[in-house]
**Student:** 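Right, I'll just put the structure down here and ask away after.
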Amino acid sequence: MSFTSIPILDMALANDPSTKPAFLADLRHALLEVGFLYLKNVGIPDELFNRVIEEGKAFFDIPEEEKLKIEMKNAPSFLGYSRLSAEITAGAVDHREQIDLSTEHPVPLPDAPRYHNLLAPNQWPSPAVLPDFRGVFTEYMSRMGAVSMAFTSLIAEAIGLPPDAFDRYFEQPPEKQQHKLKVVKYPDVPRDGSRDNQGVGPHKDSMLTSYLLQASRHRGLQVQNVRGEWIDCPPLEGTLVVAIGQGMEALTQGVCVSTTHRVLSPPAGEGARYSIPFFQGVRGSTTFEELEEIGVGRVPEGVRELRRRVVERAGGTRLDDVEFTFRTGGRARTLGEATLRNRVKSHPDVGERWYPDILGEIREEQANAKGTSVSQASVAVEGRAVEAH
């Protein structure tokens, strides 16, 4: 047995003691069997969602020279603008254009751990061309940070843990925690057939939870069930699409499932698809050992048994196109180090400028794994556990 559609949950039901138990039961089903869900009534006004979509789309219409002023490779933070087809997922080029933002932090001190380069100010488009962009997205990221923390507490309750079970993996106070966001444009496929329809290749999200605002009418997001079938996740007005990340799967010892997904470019003539995914951050200094401490020993046996039954119904196997790669080789001890290495994998142009040593290590590892030379490996640096949609 495998899912054939994505469940829809109403977060407002979690605020009413009379409806919360049913909400948690539905959430538990989504966590154990799907790893994806639609979430509505998250507490953000429709007006703000509409402004986010309007400003996000407008970014791609500003002059090219304005976008290049804030190009990602200008800074070691992996924040900023990425040209069309500049990112790699599953060893292939993603056909999308985007800007990466995050909740802002000051430039790190010289003696800070290297992964603190990811904590930095944003590269914002000039207010001369987009006067409202910064304010709108600053407010949205702040409000989405609160939504993600509230929803993570509900995840804990749904699998029989205390509401604060995951708090230790976030910065305190919560305002210090970095969260990330992308604004993405997927052009439609050229009529001449000059490229394939990979918007983003098959992957699993990296950390705990992510929240996608589908900003146009286009289909394209697909989720893979345990039979290997691709299930459409079309836009539904008034919802965010929530994806469970590999970090949450690792943290719960496989009880909450992280599911492979991909994005297909719109067919020729249908125009561009837009999406705005928000990625909940975690404390970068968290070690993999800390993540595993909570583990299966604290998830109640009844919930673990439910997950075992799901696996048994699926034939005891899990068919998908992406291996579980939350531990990035043996070089990363903390989540911050792992995140930095994954960013270098996904954006080798930034790696070449700011992290040539890490990029060299990655290429050597891949060459050894594939039996190729480092020069051959350099043409296709592979990113697997990535941030997309």
Side-chain angles (χ1 to χ4, degrees), residues 71-80 82-96 98 100 108 110-120 180 182 196 198 200-207 245-247 249-250 258 260 262 279 281-282 284-292 320-388:
E71 197 168 9
M72 183 182 286
K73 65 182 181 182
N74 293 341
S77 61
F78 294 90
L79 300 174
S82 294
R83 304 184 198 208
L84 183 65
S85 305
E87 189 168 5
I88 293 171
T89 303
V93 172
D94 295 330
H95 299 293
R96 60 179 180 166
Q98 66 190 37
D100 283 60
D111 60 347
R114 201 174 184 190
Y115 67 82
H116 278 205
N117 284 340
L118 302 175
L119 306 172
K180 293 187 61 184
K182 293 176 184 281
D196 62 24
Q198 174 167 313
V200 177
H203 67 281
K204 298 172 184 176
D205 287 359
S206 300
M207 293 299 171
Q246 292 197 41
E249 181 167 339
S258 178
T260 297
R262 68 182 181 184
F279 305 96
V282 292
S285 60
T286 303
T287 65
F288 287 100
E289 287 72 22
E290 281 183 88
L291 277 176
E292 290 159 358
D320 57 27
D321 289 340
V322 177
E323 63 180 302
F324 192 85
T325 57
F326 186 65
R327 277 190 178 269
T328 310
R331 297 179 184 267
R333 189 182 65 86
T334 66
L335 295 188
E337 293 165 351
T339 300
L340 177 57
R341 288 180 67 84
N342 274 331
R343 299 301 282 159
V344 172
K345 281 184 179 182
S346 294
H347 294 277
D349 57 338
V350 183
E352 286 174 350
R353 181 167 184 179
W354 298 101
Y355 305 99
D357 56 326
I358 296 177
L359 185 61
E361 291 171 358
I362 292 169
R363 285 172 170 166
E364 183 177 359
E365 291 168 0
Q366 293 174 338
N368 291 337
K370 296 178 180 179
T372 61
S373 67
V374 173
S375 61
Q376 288 174 306
S378 68
V379 302
V381 176
E382 181 178 8
R384 285 179 177 150
V386 298
E387 297 168 336

**Student:** Work out which heavy atom in Ser258 is nearest to a heavy atom in Asp205; give both atom names and the distance.
**Tutor:** OG-O, 4.1 Å
**Student:** Can you see which heavy atom on Ala332 is nearest to which on Arg341, and at what distance?
**Tutor:** CB-CD, 4.3 Å
**Student:** Nearest 0.5 Å please: distance from the CG atom of Leu118 over to the OG atom of Ser77.
**Tutor:** 7.5 Å
**Student:** Does a side-chain N-to-carboxylate-O contact under 4.0 Å join Lys345 and Glu365?
**Tutor:** no
**Student:** Please examine the side chains of Pro348 and Leu359, heavy atoms only from C-beta on, and report whether any two atoms are closer than 4.5 Å.
**Tutor:** yes
**Student:** Quick one: do Met72 and His347 satisfy side chain to side chain contact (heavy atoms under 4.5 Å, CB included)? Show the steps, please.
**Tutor:** CA-CA 9 Å; Met72 183 182 286; His347 294 277; 3.6 Å; yes
**Student:** If I take atom CG from residue Leu340 and atom NE2 from residue His116, how far apart are they, to the nearest 0.5 angstrom?
**Tutor:** 11.0 Å
**Student:** Could you tell me which non-hydrogen atom of His95 sits nearest to which non-hydrogen atom of Leu84, and how far apart they are?
**Tutor:** C-CD1, 4.0 Å
**Student:** Would you check, one step at a time, whether the test side chain to side chain contact (heavy atoms under 4.5 Å, CB included) holds for Arg262 with Gln198?
**Tutor:** CA-CA 8 Å; Arg262 68 182 181 184; Gln198 174 167 313; over 6 Å; no
**Student:** For the atom pair OG (Ser82) and CD (Glu71), what is the distance rounded to the nearest 0.5 Å?
**Tutor:** 7.5 Å
**Student:** At what distance, to the nearest 0.5 angstrom, does CG of Leu79 lie from CG of Asn74?
**Tutor:** 11.5 Å
**Student:** I need the Thr339 OG1 to Tyr115 OH distance, nearest 0.5 Å.
**Tutor:** 9.5 Å
**Student:** If you define the side chain from C-beta out and look only at heavy atoms, does anything of Trp354 sit under 4.5 Å from Val344?
**Tutor:** no
**Student:** Take the angle between the ring planes of Phe78 and Tyr355 and call it parallel below 30°, perpendicular above 60°, tilted in between.
**Tutor:** parallel
**Student:** Give the C-alpha distance, both sets of side-chain angles, the deciding distance and a yes or no for side-chain hydrogen bond (donor to acceptor under 3.5 Å, both in side chains) between Asp100 and Gln98.
**Tutor:** CA-CA 7 Å; Asp100 283 60; Gln98 66 190 37; 3.0 Å; yes
**Student:** Kindly give the heavy-atom pair with the smallest separation between Glu289 and Arg333, and that separation in Å.
**Tutor:** OE1-O, 4.4 Å
**Student:** State, yes or no, whether a side-chain contact exists between Thr260 and His203 at a heavy-atom distance under 4.5 Å.
**Tutor:** no
**Student:** Roughly how far, to the nearest 0.5 Å, is the OG1 atom of Thr286 from the CD atom of Glu337?
**Tutor:** 11.5 Å
**Student:** Does the pair Glu352 and Arg363 meet the rule for a salt bridge (charged side-chain N to carboxylate O under 4.0 Å, His left out), with working shown?
**Tutor:** CA-CA 11 Å; Glu352 286 174 350; Arg363 285 172 170 166; 3.2 Å; yes
